[in-house]
Amino acid sequence: MNFIMKKFEKILMPMAEVIGKNKYLIAIRDGFLISTPLLIVGSLFLLIANFPIPGWNDWVAQFLGEGWAAKLTTPVAATFDIMTILAIVGIAYSLARQLDIDAIQASATALVAFFIVTPYKINFTPKEQNVEYIVKGIPLDWVGSKGLFLGMIVALVSVVIFAKILKKGWVIKLPAGVPPTVAKSFEALIPAGIVIIVFFLINYIFAATSYETIHNFVFNMLQVPLLKLGNTLPAMVIAYIFLHGFWFFGINGSSVVGAVFNPILKALSVENLEAFQAGQPIPNIITGQFQDMFATFGGAGSTLSLLIAIVFICKSQRVTKIGKLSLLPGVFGINEPIIFGLPIMLNPVMLVPFMLIPTINIIISYFAMSSGLVPYTNGVQIPWTTPPVISGFLVSGWQGAVLQVLLIILGIIIYIPFIKTIDNQYLKEELEAAANEDEDDDLDFDDLDL
């Protein structure tokens with residue numbers, strides 16, 4: 001077992017260090033955080049309009065009138081339909097701060113660069129006509145999920161160019177008496193101008209190709225293949241093996257693996273949401289909701305099952321106390337207390353169930369959905385802290401809630417022999433410590449100092 005642990009450590013630790021210190025992956029990870037609360041709020045409006053209870057719309061219509069659900073789609077459109085814009089601003093801002101340059105100016109320049117390469121054309125067919133017209137406007141497809149990967153690339157590249165020009169000193173310097181805000185705006189003039197020229201040339205070059213725009217090129221050559229790869233069972237299983245390997249060595253695996261994998265899952269989730277909103281068949285099994293609501297329960301390692309097992313079968317004070325303290329946070333997906341308190345980290349006894357149970361959850365959930373027993377997740381963004389059963393019901397109906405319960409029970413069964421081994425060890429140590437204390441308390445005349 002020690003040999004295996006050393007092998008894992010030798011592979012994972014350098015990888016975690018490289019990913020954890022990569023400025024661009026950190027920018028992508030942190031940049032998406034700007035859109036997360038907005039997407040959750042937008043999803044709540046969509047969830048209210050499409051609550052998974054038969055007759056819900058008709059019942060609410062008695063109070064709010066017909067067409068009430070359509071009115072709630074405005075906040076949804078105002079968040080999901082412009083998610084690429086939100087991602088660009090967040091990613092560019094995060095990277096600019098890491099590069100120690102003016103984050104506001106850099107993120108604004110990145111946004112302009114994106115719109116330079118975005119076609120201002122929309123296909124429009126008037127009602128009761130068969131003729132399609134091309135009109136000017138911002139295409140929501142490209143500022144929504146379809147433009148997400150290009151938006152990430154533009155944000156990173158534009159900020160890097162902006163920073164390099166600044167570092168070379170190619171800026172307009174104003175006298176010392178000028179207000180700082182005015183001075184900064186003039187300093188950004190040349191770097192922003194060069195970024196705009198670069199992306200103007202890129203747009204001009206792609207206009208001369210069969211792709212017509214860089215959007216079409218990136219979507220067909222990068223985004224579609226990555227989404228197809230990410231929407232597979234092997235990709236999800238491999239990602240989660242690495243994720244839990246990092247956690248086992250005390251590294252936040254969700255942050256490390258999520259920096260690479262989460263953008264793909266987010267795009268897949270939005271595809272499901274758009275289909276759900278339009279009343280069309282939902283296309284993807286693997287999504288962000290699949291990961292958050294069916295791979296693990298109570299955090300990495302699906303430790304909610306472990307905590308329930310501890311409460312019912314364990315006897316040692318050390319295990320039972322940490323289990324009871326960790327149970328309530330575990331219900332909401334927070335499991336650092338049990339990972340570092342039991343501990344699970346660097347505990348060879350817990351390595352097998354910690355990595356095995358999430359893998360089993362993923363495989364069972366995938367086939368339950370692919371066989372039609374459980375509906376695909378609807379793409380609705382709910383907080384990852386939403387407790388099981390409730391979360392399963394909201395994203396996949398009552399079938400999803402039932403599946404969550406069954407997986408939690410299966411996890412309990414798998415965890416029992418492993419946690420019982422640790423519990424017996426701790427119980428033995430506690431009994432020995434108690435016996436030693438009793439011996440120390442016995443009165444011995446030889447110990448008296450006369």
With a 4.5 Å limit on heavy-atom distance, are the side chains of [X] and [Y] in contact?
X	Y	answer
T79	V41	no
Y211	F219	no
F217	T213	no
I338	I310	yes
F115	I138	yes
D30	I91	no
V395	F276	no
M369	F294	yes

*Minimum-distance pair of heavy atoms, taken over all atoms of I322 and P337*: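 Where I322 meets P337 most closely, the heavy atoms are CD1-O, 3.8 Å.
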
*Which pair of heavy atoms, one from N361 and one from S302, lies closest together, and at what distance?*
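That closest heavy-atom pairing would be ND2-OG, 3.5 Å.
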
Say you draw a straight line from [atom1] of [X] to [atom2] of [Y]; how long is it, rounded to the nearest 0.5 Å?
X	Y	atom1	atom2	value
I85	M83	CD1	CE	11.5 Å
L150	I88	CG	CD1	7.5 Å
K146	W142	NZ	CH2	4.0 Å
S94	I26	OG	CD1	7.5 Å
Y415	L356	OH	CG	9.5 Å
L86	F80	CG	CZ	10.5 Å

Checking [X] side chain against [Y] main chain: does a donor-acceptor pair fall under 3.5 Å?
X	Y	answer
T287	F290	yes
T359	M355	yes
N284	L268	yes
S269	G379	no
Q98	K23	yes
N262	G288	no

*Of all residues at least two apart in sequence or in a different chain, which pass the side-chain contact (heavy atoms from CB on, under 4.5 Å) check with S316?*
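Scan of S316 (side-chain contact (heavy atoms from CB on, under 4.5 Å), adjacent residues dropped) gives V319, D423, Y426, L427, E430.
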
_Please confirm whether the ring centroid of Y240 lies under 6.0 Å from the ring centroid of H244._
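When the ring centroids of Y240 and H244 are compared, they turn out to be within the sub-6.0 Å range.
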
*Determine whether the aromatic ring centres of H215 and F149 lie less than 6.0 Å apart.*
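Distance test on ring centres: not under 6.0 Å, no.
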
*asked:* Walk me through whether Y376 and I285 qualify under side-chain contact (heavy atoms from CB on, under 4.5 Å).
replied: CA-CA 6 Å; Y376 292 8; I285 295 179; 3.5 Å; yes

Report, as yes or no, whether the 6.0 Å neighbourhood of atom [atom1] on [X] holds more than 12 heavy atoms from other residues, nucleotides or ligands.
X	atom1	value
Y366	OH	yes
K167	NZ	yes
E429	CD	yes
F63	CZ	yes

*Apply side-chain contact (heavy atoms from CB on, under 4.5 Å) to V159 and L99, showing your working.*
CA-CA 9 Å; V159 172; L99 298 177; 4.0 Å; yes

*Which is it for I344 and L306 under the side-chain contact (heavy atoms from CB on, under 4.5 Å) test, yes or no, and what are the steps along the way?*
CA-CA 11 Å; I344 294 174; L306 171 62; 3.8 Å; yes

*Please test I419 against I313 for side-chain contact (heavy atoms from CB on, under 4.5 Å), starting from the C-alpha separation and ending with a verdict.*
CA-CA 9 Å; I419 190 58; I313 70 163; 4.0 Å; yes

